[in-house]
Trainee: 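Here you go, one structure.
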Amino acid sequence: MPLWPVYTGTNAPHDGIERLPPPPPWRAFDGGPLLDPPDAAADRSAVSPDRVHRAETYRATEDTVQLVNAALYLRRPLLVTGPPGTGKSSLVYAVARELRLGPVLRWNITSRSTLHDGLYSYDPLSRLYAARQQAAQQAAPQETAPEETGLPETGPEAPDETGIEHHLRLGPLGTALLPYARPRALLIDEIDKSDLDLPNDLLNVLEEGQYQIPELVRAARLAPDGTARVPADGTGEAVPVVRGQVRCRAFPFVVLTSNGEREFPPAFLRRCVTLRLRRPDDRHLADIVRAHLGEPDAYAQELIGRFLDRTSAGDLATDQLLNAIYLARTSNLDSGSLDRLAEQLMPHLGQGAGTDVF
């Protein structure tokens with residue numbers, strides 16, 4: 001029986017993703033061969049203490065829970081917008097942890113990012129070098145010792161590293177679209193920093209759930225079964241790609257974050273579920289402080305109140321408040337010094353900020 005909500009926001013890991021109902025018929029995918037999802041610890045960077053902490057301490061609002069589930073049910077990307085410091089990028093770690101989706105794939109967007117960067121990379125120079133090395137090995141006299149030539153050992157058991165697959169690596173988006181039995185979690189961070197064309201370039205890939213690697217399409221003509229094994233992003237595990245075609249089986253849970261610095265084309269927006277995060281209120285802030293630092297004491301409650309008062313004059317990020325409370329608990333400063341330090345730690349963000357009087 002289908003389960004709603006699949007994602008509960010309670011941070012308690014479970015296998016509810018297996019009870020997700022079938023996708024809408026226009027979002028059904030049939031990629032193969034089917035792959036088992038990697039273990040959560042397979043990517044060491046994904047289980048670093050900071051990322052684990054972000055996943056464990058995320059506090060989801062009711063709207064967040066509802067729209068995450070809408071994205072999961074509809075197999076649509078989730079576009080998360082909101083002021084800095086509202087937990088946009090932390091959300092994907094919390095969802096991946098609760099639903100046991102494995103290590104989170106991350107694509108950090110810059111003004112130079114292209115769709116190709118997210119799908120895969122190919123290094124033709126390293127392949128040329130490998131071909132030259134192999135040619136030199138074959139030309140070297142058989143009786144010459146490898147240490148005398150400075151070349152790798154040759155012979156029937158020496159690996160052939162001239163194939164294209166040895167010089168290709170899937171990117172985070174390309175890995176997320178592999179035919180895994182469970183959805184992978186992918187963070188496309190700060191999409192509003194991208195070139196104007198990137199959102200439009202993403203449209204077809206996210207709509208079709210597939211892409212092509214032209215270099216492998218050409219090479220497949222020479223392979224007996226047309227299959228190449230290419231390293232995936234994060235774990236580095238070699239995964240099969242058949243005739244250069246990649247198509248997902250379970251559409252990934254894709255979170256795109258934006259600080260609201262630009263507008264996106266309507267065609268892009270209609271293909272996403274949009275979640276707008278608001279500034280947290282006093283109860284939500286106390287919940288966040290409790291999750292990160294334990295029960296807020298009287299001075300922490302006072303800082304929460306000051307923080308909320310100051311947000312009416314300009315943008316502030318929640319981590320500024322957490323920094324001030326952490327230092328208040330650990331620095332052993334007197335109250336006057338703590339007030340001055342808190343003021344310095346919580347300046348308004350951006351050009352249009354109002355007065356910084358604490």
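It should be emphasised that the depicted structure is a prediction, and the values quoted were computed from it without experimental measurement.
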Trainee: Test Ser337 against every option in Leu341, Leu333, Asp339 by the side chain to side chain contact (heavy atoms under 4.5 Å, CB included) rule and name the one that passes.
Mentor: Leu333

Trainee: Find out whether Leu173 and Leu115 are in side-chain contact, i.e. whether some heavy atom of one side chain is under 4.5 Å from a heavy atom of the other.
Mentor: yes

Trainee: Can you list the residues that meet the side-chain hydrogen bond (donor to acceptor under 3.5 Å, both in side chains) rule with Asp189, with sequence neighbours excluded?
Mentor: Arg106, Thr257

Trainee: Identify the two heavy atoms, one from Asp297 and one from Ala300, that lie closest to each other, and give their separation to 0.1 Å.
Mentor: OD1-N, 2.8 Å

Trainee: Test: salt bridge (Lys or Arg N to Asp or Glu O under 4.0 Å). Region: residues 279-288. Which pairs qualify, not counting sequence neighbours?
Mentor: Arg279-Asp315, Asp287-Arg290

Trainee: Determine whether more than 12 heavy atoms belonging to other residues, nucleotides or ligands lie under 6.0 Å from atom CG of Asn332.
Mentor: no

Trainee: Could you list the residues that satisfy side-chain hydrogen bond (donor to acceptor under 3.5 Å, both in side chains) with Thr110, not counting sequence neighbours?
Mentor: Ser113

Trainee: Going by atom type alone, with no hydrogens or angles, which donor-acceptor pairs under 3.5 Å involve a side-chain atom of residues 246-255 and a protein atom two or more places apart or on another chain?
Mentor:
from: Arg247; atom 1: NE; to: Asp30; atom 2: OD1; distance (Å): 2.7
from: Arg247; atom 1: NH1; to: Glu208; atom 2: O; distance (Å): 3.2
from: Arg247; atom 1: NH1; to: Gln210; atom 2: OE1; distance (Å): 3.1
from: Arg249; atom 1: NE; to: Gly31; atom 2: O; distance (Å): 2.7
from: Arg249; atom 1: NH2; to: Gly31; atom 2: O; distance (Å): 2.9

Trainee: Show me the side-chain donor-acceptor pairs of residues 224-234 shorter than 3.5 Å, one per line, residues at least two apart or across chains.
Mentor:
from: Asp225; atom 1: OD1; to: Thr227; atom 2: N; distance (Å): 3.1
from: Arg229; atom 1: NH2; to: Ala238; atom 2: O; distance (Å): 2.9

Trainee: Is there side-chain contact between Arg184 and Leu101, with heavy atoms separated by less than 4.5 Å?
Mentor: no

Trainee: Should Arg182 and Asp15 count as an ion pair when the cut-off is N to O under 4.0 Å?
Mentor: yes

Trainee: Should Glu343 and Arg340 count as an ion pair when the cut-off is N to O under 4.0 Å?
Mentor: no

Trainee: How would you list, by chain and number, every residue that makes a side-chain hydrogen bond (donor to acceptor under 3.5 Å, both in side chains) with Asn200, sequence neighbours excluded?
Mentor: none

